[in-house]
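Here's the structure we're looking at; comments come further down.
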Amino acid sequence: MPAVNVKPGIYWIGVNDRTTDLFEGLWPITSEGVSYNAYVIDGERKVLVDAAKDIKGDALLDQIAEVFDPALLDYIVINHMEPDHTGVLRTLRRIAPNVTFLCTSRAVKMLENYYQVTDNVHAVEDGEVLDLGPHQLQFHSAPMVHWPETMLTYETTQKVLFSCDAFGGYGALQGAIFDDQCTAPEFYEREALRYYANIVALFPKPVLKAIDKLAGIPVDVVAPSHGLLWRKHPERIIELYQKWANYAIEGPELGVTLLYGTMYGNTEKMVEAVAAGVARAGMPVDIFDVRHIHASYILSSVYTCSGVLIGAPTYEGELFPPMAHVLDMLNRKRIQNRKLAYFGSFGWSGGARREIAQWAEKLKWELVESWEFPGGPTSQDLLKAEELGYTFAQSLR
Ligand code: FEO
């Protein structure tokens, strides 16, 4: 994509990544893609704000060259050290050997560890201002949004906030880079939520602290390093992040995530009956087969819903392993304080129910119902399952 003028002297020069299957080696983006948004400021001093993953080095250099010769770079602002934003730093330094890196003090050692860069590094103070004539940058440390060294950079004359991971999302850019040009904002909002739940959810308080810190700062454009740039409604993505971070503090929305796994379809028969009960209660429900759906997508739902229904059989005396994996991911992201009900089939002895109780304790979830049944469900069991779904949904109100 060509460089895009964001504000006078400020250009988006990002690149799309449609070839990586797993973001961070973990989260699927095969069909969604991701963008590594980077920016240049073309004034008396030439600045690059954030960069890209190493596999996109040539594309990023071509993008910079659309605005100025990359060899002319005076500064590279490193808001965040994760290699999706820094993978090309050594290449950039070979091209612009006198460039100065601007980062937080926490990033200095990381620069050495990742890229053996130890000279021409300036650690900025929180709130420090750098005059670039005619532009001016102000640096705001934002630890744990997403790593401890993270900062946000604010261009004061044009009111552009370069927020890096904060306010970002999965989803390659589809021609349009701004919210007001985008015909599918729901895609980017959904992918921003998935990104939040996968990448940032562990750090709700730092997110809220960073948002508080920005409260008095007028922002015309939120320019994150992944996903859409927000210039028509810059407040929209900030409010969404604030809402999502608050789920971890004040609790999520009313709703049910129904997770199931099944070996021969017996637990699955119960799923349909339980879901019918939830629907009868008028409660929204997302249903995921954990054998096929990656935890990345499940995290988004559980993150936003107050209730979790789990249907999974016993497997060799323990919980069906794909379900245990999902619960482990939820535990790693500390998605706590949900209501839980469990049902599942067993062959010769139970065991899943015991493990579910252990997971509930670990996750600080309230286990309100736990039901193991032998073999396949009877018609009486299916009636009971429908009632279980209804009662559980009602209990969330
Ligand atoms: Fe986009 Fe934490 O890296």
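Ligands are counted one by one from 1 in listed order, and the atoms in each one are counted from 1 as well.
Phe373 and Leu259 fall into different hydrophobic clusters, defined by Ile, Leu, Val, Met, Phe, Trp and Tyr side-chain heavy atoms under 4.5 Å apart, directly or through other members. Following chains of ILVMFWY side-chain contacts shorter than 4.5 Å, one cannot reach Leu309 starting from Leu330, and the two form parts of different hydrophobic clusters.
Using bins of under 30°, 30° to 60° and over 60° for the plane-to-plane angle, the ring pair Trp147/Tyr114 lands in the parallel bin.
Protein N/O/S atoms found under 2.8 Å from atom 2 (Fe) of ligand 1, listed by chain and residue number: His80 NE2, Glu82 OE1, His146 ND1, Asp165 OD2.
Taking all atoms of both residues into account, the shortest heavy-atom contact from Thr314 to Ser349 is CG2-O, 3.7 Å.
Rounding to the nearest 0.5 Å gives a distance of 8.0 Å between NZ of Lys56 and OG1 of Thr20.
A cation-pi arrangement is found for Arg231 relative to Phe178, the charged atom lying closer than 6.0 Å to the ring centre and inside a 45° cone about the ring normal.
Atom 1 (Fe) of ligand 1 sits nearest to atom NE2 when only the N, O or S atoms of His226 are considered.
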